[in-house]
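Letters A, B, ... mirror the listed sequences (proteins, then strands); counts begin at 1.
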4 protein chains.
Amino acid sequence: MEAAGESVTRRQRGRQPSPATAAAILDATRELIAAGGVEGLTVENVAARTGIAKTTIYRRWRSKDELALAVLIAMVEEQAASASDLGDTRAELVAFVAHAIKILRSTLMGRVMQGLVSELAANPDLAQAFRDRVVARRVQELTWILERGIQRGDVRSDADIGMANELLFGPVYYRLLLSGKPLEDGLAERLVDVFLAWIQP
Amino acid sequence: MEAAGESVTRRQRGRQPSPATAAAILDATRELIAAGGVEGLTVENVAARTGIAKTTIYRRWRSKDELALAVLIAMVEEQAASASDLGDTRAELVAFVAHAIKILRSTLMGRVMQGLVSELAANPDLAQAFRDRVVARRVQELTWILERGIQRGDVRSDADIGMANELLFGPVYYRLLLSGKPLEDGLAERLVDVFLAWIQP
Amino acid sequence: MEAAGESVTRRQRGRQPSPATAAAILDATRELIAAGGVEGLTVENVAARTGIAKTTIYRRWRSKDELALAVLIAMVEEQAASASDLGDTRAELVAFVAHAIKILRSTLMGRVMQGLVSELAANPDLAQAFRDRVVARRVQELTWILERGIQRGDVRSDADIGMANELLFGPVYYRLLLSGKPLEDGLAERLVDVFLAWIQP
Amino acid sequence: MEAAGESVTRRQRGRQPSPATAAAILDATRELIAAGGVEGLTVENVAARTGIAKTTIYRRWRSKDELALAVLIAMVEEQAASASDLGDTRAELVAFVAHAIKILRSTLMGRVMQGLVSELAANPDLAQAFRDRVVARRVQELTWILERGIQRGDVRSDADIGMANELLFGPVYYRLLLSGKPLEDGLAERLVDVFLAWIQP
DNA sequence: GACTAAGCGAGACGGTACGTCGCGTCTTAAA
DNA sequence: TTTAAGACGCGACGTACCGTCTCGCTTAGTC
């Protein structure tokens, strides 16, 4: 009776950690990072704003930075969209880039990225996680798109796939982080055109 | 022509601020930012390391952030290199990009940029100064190069000069700030090649 | 009788303020005031000397002055001695004054008084507390002694009780604070003799 | 030849120190001490309020405390009144005490005394100066009055002159510094009466 | 009348302490 | 056993005054 399907784990005693708590913490963190970067994020504020005790926060994340990282990962995880085969390489690339731009522009993702980027350089763990979960994933998607393109004959077979990510997203982040120019609608198409001009057969 | 009265400014009384003091502060600041980003920079440490009183630092810069801004401006000012006419657009572009890359890689400039970029988003004043003094200046240089290229016939006359900066430097900063890929030697040439493929006649 | 509900106060949660901490702070404060007056008292030093964090001190007392006040109150509270009925008014008065003198001379009380007296004039809260807890208490004691004396016939029934305090203690504090003359042994007796010469029947 | 009249001091060269400057500094100091004790006195404020440079102040007084002392001395010097022979010891004593009370009550003298008294205990130089210039002078005046009284037969020849000062002024300062009771009009007479009850033949 | 002195204003400078904010750890009582 | 509450040690913040140190200007006596 008792255990039966409880998989292996033996029954927990005492009060159970609430999932709602974690969510509330991450939400507040996201908002605070968006409002003032990692510097504007304070555990004290997260606690005050959510009514959750500081202790509880530290029980789940070792430090402020780990908390910030968790937020970044969570946001990327949410957004993750796989590029489907549209039969046209240009259309696929534009859709891919445009989707990323839209996320950066219309959600807190942009603000969070701005707030965390300096942390990336200072914190190797966070940097590693970012590369594995965000950069590598994006490179993978692009690889698939371009391989399909090569098979279709849309793309030169000796195209330097490795630079695709930098050429398509470098300018996007340059605007977001440095020049401050707006991420306007046509940007994705223009970037894809430049890139295709280079790798077309 | 010059505003004559401007130079008449009435004589200063009192002890003059020592230029050596300012320089020492900026040096120490630069090193601390490079070592640990803006978060790793503390006025207390700058004071300790230079032997200059904290009050003296605050007398010149209102806050830690203003101090960081000053460092960024100073570094850019130092580096400012004008692209000379080499008779060949490709060569000029490569030289221009390669120079920037070299600075980022071989001086503290790269570390400082990493450390300050989050601050740019949080601090409009700093952002404005950065755009005026760094971005705009670079755009201007590129414009001159490309205009020479058009006159020579190296560059299509309807080339979108506005994107040059983003296409050439976006990937560079993407590596520096996000992907962590090294700024290797051939990078400048490859970027210029992509760009030229797009704007060649 | 007692406000029943008063004691029901809902149980405290969280770590309780340590009484040892408060005691250590007050001790160090007392010593520092004795050594150099309120000017010689620095929260920084109290922290260093006790190993208690500055923040902890400020959590309990809003400012250096409040801390000093707490010390004064604590010292008076400790010393509070009630004059018992000795059957002889002169003996009671001498005992009362001599006790006060001894405290001023042999404990830090004298130094603390010297250090705080200027603060009394500048800080109405402190002044009020001092009058309520020190002056008023002493006046009360004297009143009891003199009333017993009147009943015994030692003291004229129309004696001006109100001046007793000033006549007996004024000279004591004049020495302590202004003339610097030592608070020698026979002083209490001489003062009581002058006073009695005035109020004896 | 040379020295001869060392006191004739050889002629001063250069710009002469302005007496108005010193006066302005002392005035501002007096006001600031009255307003907030020695703690409320800042050289910075004296400079700001008078328009006189900090340097100039420090050229005349070595430190804040010396400045405060100077103010006290100056006030006492101004007030110094010699008790004239009125033919009646009681009248002379009352006049003497009442004059002191009036000064304390109606000028800044009272506030300055309150502000400086803690400094007396912490600063031996200031204490010495205070005793020599204020206490001793007052004791001297009282001695003269009482000697005249003895000659007239108003005062017992074995009167303890040494305590006169403490008995007459102790209560006054007790009110000013500790109890805060007002220095009312009849006080001088009552104190003198108590004192005379003790030393009358 | 030119040549020295100070005196004086302004204000940079090295210090010390202030009182505050946030970190991450800890203890306690309630759920 | 988790949680809310909150005391605690710590490190840095930015501010207020201290007393010292240049500066350049002003004012007087002396040569």
Exercise. Is D:Gln16 touching bases, backbone alone, or none of the nucleic acid, heavy atoms closer than 4.0 Å?
Worked result: sugar-phosphate

Problem set entry | Criterion side-chain contact (heavy atoms from CB on, under 4.5 Å) against C:Arg30, the qualifying member of C:Leu72, C:Leu108, C:Ile25 | C:Leu108

Exercise. Between F:dC18, F:dT27, F:dC21, which nucleotide has the shortest distance from any of its atoms to the side chain of B:Arg15?
Worked result: F:dC21

Exercise. F:dG14 P sits how many Å from B:Lys64 NZ, rounded?
Worked result: 7 Å

Problem set entry | Rounded distance [0.5 Å steps], CG in B:Leu26 versus CE in B:Met75 | 10.5 Å

Exercise. Between atom CD in C:Glu44 and atom C1' in F:dG9, what is the gap in whole Å?
Worked result: 14 Å

Exercise. Rounded to the nearest 0.5 Å, what separation is found between the CZ atom of D:Arg111 and the OG atom of C:Ser118?
Worked result: 11.5 Å

Problem set entry | DNA chain E-proximal residues of residues 45-62 of chain A, any heavy atom under 4.0 Å | A:Lys54, A:Thr55, A:Tyr58

Seminar exercise, completed: Assign each of C:Gly14 and B:Leu41 the nucleotide of DNA chain F bearing its closest heavy atom; nearer the 5' end lies the nucleotide of C:Gly14

For this session: Using whole Å, report how far CD of B:Glu66 lies from P of F:dC13.
Result: 15 Å

Problem set entry | Other residues, nucleotides, ligands: >12 heavy atoms within 6.0 Å of C:Arg49 CZ | yes

For this session: To the nearest 0.5 Å, tell me how far D:Ile33 CD1 sits from D:Glu39 CD.
Result: 12.0 Å

Problem set entry | Most 5' of C:Asp65 and B:Pro17 on DNA chain E, judged by nearest nucleotide | B:Pro17

Exercise. Roughly how far, to the nearest 0.5 Å, is CG of C:Leu69 from CH2 of C:Trp61?
Worked result: 11.0 Å

Exercise. So do A:Leu126 and A:Glu66 actually touch side chain to side chain, heavy atoms under 4.5 Å?
Worked result: no

Problem set entry | Heavy-atom side-chain contact between D:Val46 and D:Leu32 under 4.5 Å | yes

For this session: Nearest whole angstrom, please: distance from the C1' of F:dG11 to the CD of B:Glu39.
Result: 14 Å

Exercise. Roughly how far, to the nearest 0.5 Å, is CD1 of B:Ile57 from OG1 of B:Thr29?
Worked result: 7.0 Å

Exercise. E:dT16 phosphate, OP1 or OP2: any side-chain N/O from C:Thr42 under 4.0 angstrom?
Worked result: no

Problem set entry | Interface residues of residues 116-130 of chain A with DNA chain F (non-hydrogen, below 4.0 angstrom) | none

